[in-house]
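Have a look at the structure below before the remarks.
Positions are given from 1 along the sequence. Keep in mind that this is a model prediction, so the values were computed, not measured.
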Amino acid sequence: MKEITKNFPEGMEPLGKKQFKFRCHDGVDCYMICCRNVDMFLYPYDILRLKEALNITSQEFIEQYVRVVKGVAHPYFPSVMLRLTDDENKACPFLSEIGCSVYNNRPSACRTYPLERGVDRSPEKRVAHDFYLLTSHDYCHGHKEENFFTVKEWIRDQRLEDYNMMNDLWAEVDTIFSENPWAGEGIGGPKQQIAFTICYDIDNFRIMAAKHNLIERFLIPRAQKRRINESDTELLKFGFEWLKNFLGQPSSLISK
C-alpha cells in the first residue's frame, strides 16, 4: 500500500497511544479564561444537544446563540458559530460564575480540548482513520496538572463517542456540499435552505418531514421509524442520508 505523508503543524504529531497530561478544574488559576474571546464553531449535533439542554427549539437556539458566517472549509455552505456575549468579556453565553452551565451537553470542541481531532479519508484507505494532536496555549495551565490520559481514555472520560460519530456523519455531508451541489441557484437558494434546515434546525425539519411524508417514502424497518419519530438524533441521521439522496449522491436509503 502506498505510504501517505501527512503535513502537521510544526512541533505537533499524532499522539497515537502516547499519554499526555491535562486537567481543567476550578483550582487552576486560568479557570474559565478559555471560555472568553473564543471562535467556537458549532456542528449539527452540538446544536441538537444544546437546544435540548436549554429546553428551547432549534430555531430559538439559532436566533439567540448563533452567528451564521461564510463557510470556512469551503465557500459553498455557511458555517455556524457560537455568538458570544456583547460586552467587553466576549464570553460564552453559557458561562456562569462557577463554570459551564451546559457542561453535560457542551460542544464537541470543548470536550475534545486540549486535543484536536483529524480524520484521514484518503482514497488509499478503505476506512476512515482518526488521529489526535495535542494543542497548547500559553494561557492554559491545565497542561501542568499531573493527570495522565491516553487518547482512548480522554475520549471515554469526556464522553466523546456520540459526538465523534455524529460529526463524522456530518463531515460526509459537508464533503458533498464542498462540491457545490447547488450550482446555478446561488447562495441561499431553495436547496441550500433545505440543507440548512436539516443540519441545524431539527425541529423544523421534523415538521417538514411530516408534512411531506419523507420517512414513508423509503424502505425503513418499523423499529428504526419509531426511533426516528422519538429521537432528534435519529432524525438527524435520517436527514443526512435524505440529503445525500436529494442531492443525487449515494445514500443508504432505498426508495419504495
Should I207 and I202 be counted in the same cluster of Ile, Leu, Val, Met, Phe, Trp and Tyr side chains packed under 4.5 Å apart?
no
Side-chain contact test, heavy atoms from C-beta onward, threshold under 4.5 Å: evaluate it for E172 versus L243 and give yes or no.
no
Whether F196 and Y200 hold their rings parallel, tilted or perpendicular, with breakpoints at 30° and 60°
tilted
What heavy-atom pair brings F149 and F22 nearest, and what distance separates the two atoms?
CE1-O, 3.3 Å
When you compare the side chains of Q59 and N204, does any donor N or O come within less than 3.5 Å of an acceptor on the partner?
yes
Side chains of C199 and F240, heavy atoms from C-beta outward: is any pair under 4.5 Å?
yes
Would you say E234 and K237 make side-chain contact, with heavy atoms under 4.5 Å?
yes
To the closest 0.5 Å, what do you measure between CD (Q158) and CG (N164)?
11.5 Å
Look at the side chain of T85 and the backbone N and O of A91, then say whether any donor-acceptor pair between them is shorter than 3.5 Å.
yes
Does D86 CG have over 12 foreign heavy atoms under 6.0 Å away?
no
With a sphere of 6.0 Å drawn around CG of N55, does it hold more than 12 non-hydrogen atoms of other residues, nucleotides or ligands?
no
E88 atom CD, neighbour heavy-atom count above 12 within 6.0 Å:
no
Is the number of heavy atoms from other residues, nucleotides or ligands within 6.0 Å of CG (L219) greater than 12?
yes
Are there over 12 heavy-atom neighbours, none belonging to K211, within less than 6.0 Å of that residue's NZ?
no
Just so I know, are the side chains of K51 and D232 near enough to count as touching, which here means a heavy-atom distance under 4.5 Å?
yes
What is the minimum heavy-atom distance between C100 and L95, and which atoms define it?
N-CD1, 4.5 Å
Taking D174 for the side chain and W170 for the main chain, is one N or O donor matched with an acceptor at less than 3.5 Å?
no
Between F20 and the options W154, Y113, F148, the ring pair (Phe, Tyr, Trp, His ring centres under 6.0 Å) test singles out W154
How many angstroms lie between CG in N147 and SG in C24, if you round to the nearest 0.5 Å?
11.0 Å
Is it true that a side-chain atom of E60 and a backbone atom of T57 form a donor plus acceptor pair closer than 3.5 Å?
yes
Does K191 offer a backbone N or O that forms a donor-acceptor pair with the side chain of E185 under 3.5 Å?
yes
Taking every heavy atom of C30 against every heavy atom of G142, the minimum-distance pair comes out as SG-N, 4.3 Å
Does one hydrophobic cluster hold both Y132 and M165, with members joined at side-chain heavy-atom distances below 4.5 Å?
yes
Judged by atom type as modelled, is there a donor-acceptor pair below 3.5 Å linking the side chain of Q192 to the main-chain atoms of G188?
yes
Any luck finding a side-chain donor-acceptor pair between H74 and N180 under 3.5 Å?
no
L115 versus T112: any side-chain heavy-atom pair under 4.5 Å?
yes
Side-chain donor-acceptor pair present, S252, E241, cut-off under 3.5 Å
yes
Point-to-point distance, once rounded to the nearest 0.5 Å, from NE2 of H143 to OG of S136
4.0 Å
Compute whether any side-chain donor of one residue and acceptor of the other, for N167 and S108, lie under 3.5 angstrom apart.
yes
Non-hydrogen side-chain atoms of M208 and I198 separated by less than 4.5 Å:
yes
Backbone of Q19 reached by a side-chain donor or acceptor of T150 within 3.5 Å:
no
Looking at V173, is its backbone amide N or carbonyl O close enough to the side chain of K244 to form a donor-acceptor pair, meaning the two atoms are under 3.5 Å apart?
no
Mind listing the closest non-hydrogen atom pair of S79 and G71 along with its distance?
OG-CA, 3.5 Å
Is the number of heavy atoms from other residues, nucleotides or ligands under 6.0 Å of R217 CZ greater than 12?
yes
Give the ring-plane orientation class for F177 versus F77, where under 30° counts as parallel, over 60° as perpendicular and anything between as tilted.
tilted
Under 3.5 Å, is there a donor-acceptor pair linking the side chains of R83 and Y65?
no
Got a second to check how far D46's CG is from R111's CZ, nearest 0.5 Å?
9.0 Å
How many angstroms lie between atom CD1 of I155 and atom CD of E153, to the nearest 0.5 angstrom?
10.5 Å
Neighbour count >12 (heavy atoms, 6.0 Å) for atom NZ, K21:
yes
Heavy atoms, side chains only, cut-off 4.5 Å: are S58 and L48 in contact?
no
Validation row: F61, L50 side chains within 4.5 angstrom (heavy atoms):
yes
In terms of hydrophobic clustering (I, L, V, M, F, W, Y; side-chain heavy atoms under 4.5 Å; direct or indirect links), are L236 and F218 co-clustered?
yes
Evaluate whether atom OH of Y43 has more than 12 neighbouring non-hydrogen atoms of other residues, nucleotides or ligands under 6.0 angstrom away.
no
Spatial distance of atom CG (L214) from atom CG (L235) [nearest 0.5 Å]:
9.5 Å
Contact summary for L15 and L134, nearest pair of heavy atoms
CD1-CB, 4.1 Å
Over 60° means perpendicular and under 30° means parallel, so tell me whether Y163 and Y45 are parallel, tilted or perpendicular.
perpendicular
Heavy-atom closest pair (M40 atom, P107 atom, distance to 0.1 Å) is SD-CB, 4.4 Å
